[in-house]
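A short write-up of the structure that comes next.
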Protein chains: 2
Amino acid sequence: MMEIHEKKFDCPVTATLELIGGRWKAPILFYLSKGTRRFGQIDATISGISRKVLTEQLKDLEKDGLIIREYYKELPPRVEYSLTEFGQSLSSVFNAMVHWANENLVKK
Amino acid sequence: MMEIHEKKFDCPVTATLELIGGRWKAPILFYLSKGTRRFGQIDATISGISRKVLTEQLKDLEKDGLIIREYYKELPPRVEYSLTEFGQSLSSVFNAMVHWANENLVKK
DNA sequence: AATAGTAGTAACAATATTGTAACTAATGAT
DNA sequence: ATCATTAGTTACAATATTGTTACTACTATT
């Protein structure tokens with residue numbers, strides 16, 4: 001039985017997708033796996049996401065301990081996001097997806 | 001670039017989650033990976049899903065070539081669902097998730 | 001002829017997710 | 001004092017997803 005903020009999951013796959021599922025979390029995490037990025041960079045790279053939703057997703061990911069937010073009191077202000085160790089540990093899952101997609105989905 | 005029924009994805013992770021993401025598809029596929037199952041068995045095992053949503057998800061999965069539906073004209077009628085080879089190929093992805101969850105999520 | 005059991009469907013309601021557009025906070029440079 | 005720039009927030013709207021309840025089709029058994 002897995003537990004993620006009060007909710008319980010009997011299926012490990014569902015528990016995992018609770019953290020990385022949805023339209024945006026996986027692409028954000030996958031992008032951050034390439035290195036630390038600023039808010040604006042993520043916004044520009046993850047095409048289609050709005051700033052509001054991006055903020056929400058980043059907050060969720062931070063709350064779940066997958067990423068860290070670092071605010072620099074510069075000007076203009078700079079905010080950097082990076083994976084925690086916990087977030088980095090997901091690379092095994094993403095690697096499996098990337099490998100599977102490359103082997104099994106049509107490439108054009 | 002991956003293509004799944006007209007939609008294009010530049011991110012392999014997004015492309016994969018397009019097929020197995022959402023609230024129910026992964027648990028259904030994961031359950032079917034244990035063997036062929038009848039509609040009623042899936043309904044009884046995947047707790048919380050309604051019959052309507054289960055039907056919809058099964059149709060999606062069939063359309064995407066991940067499962068096969070076999071109808072037996074018996075009585076009472078019997079309908080069996082099982083993974084296709086394509087569906088079975090996802091086991092690498094599910095295994096990665098199960099392994100990650102077991103290593104990284106609190107067990108209670 | 002009515003009943004029971006499996007695998008659904010139909011109409012509708014509720015909830016959750018995502019999007020849009022305009023606005024704010026901070027502050028060094030002009 | 002105003003402007004520019006980054007990283008947001010707020011109020012609201014639209015869309016998508018999921019759920020509820022009642023109903024259907026099939027036909028062997030009672």
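We name chains A, B, ... by the order of the sequence lines, and we start the count at 1 in each one.
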Can you name the closest pair of heavy atoms from B/F86 and B/D64 and give their distance? CE2-O, 3.5 Å
5' priority, DNA chain C, between B/Q41 and A/Y71 [closest heavy atom]: B/Q41
Considering only side-chain heavy atoms of B/P77, which listed nucleotide, C/dT18, C/dG5, C/dG8, is closest? C/dG5
5' to 3' on DNA chain D, which nucleotides open and close the contacts with chain B (atom under 4.0 Å from a heavy atom)? D/dT18 to D/dA28
For a quick test of reading the model: is some side-chain N or O of A/R51 closer than 4.0 Å to OP1 or OP2 of C/dA22? no
Whole angstrom is fine here: how far is it from CD in B/E80 over to C1' in C/dA7? 13 Å
In whole angstroms, the gap separating C1' of C/dA7 from CD1 of B/I49 amounts to 14 Å
Any A/Y72 side-chain nitrogen or oxygen under 4.0 Å from OP1 or OP2 of C/dA26: no
Minimum-distance pair of heavy atoms, taken over all atoms of B/G65 and B/T84: O-OG1, 2.6 Å
Nearest whole angstrom, please: distance from the C1' of C/dA25 to the CZ of A/R78. 18 Å
Can you tell me if B/D43 uses its side chain to pair, donor with acceptor, with the backbone of B/F39 under 3.5 Å? no
Applying the 4.5 Å side-chain criterion to the ILVMFWY set and letting contacts propagate, would B/V79 and B/I68 be lumped into a single cluster? no
Taking C/dA7, C/dT20, C/dA11 as options, the one with an atom nearest any side-chain atom of B/K52 is C/dA11
Gap between atoms CD and C1', on B/E74 and C/dT6 respectively (whole Å): 11 Å
When you compare the side chain of B/T55 with that of B/K52, does any pair of heavy atoms fall below 4.5 Å? no
Between CG of B/L17 and NZ of B/K25, what distance do you get to the nearest 0.5 Å? 11.0 Å
In terms of the nearest nucleotide of DNA chain C, which residue is placed more toward the 5' end: A/W24 or A/K73? A/W24
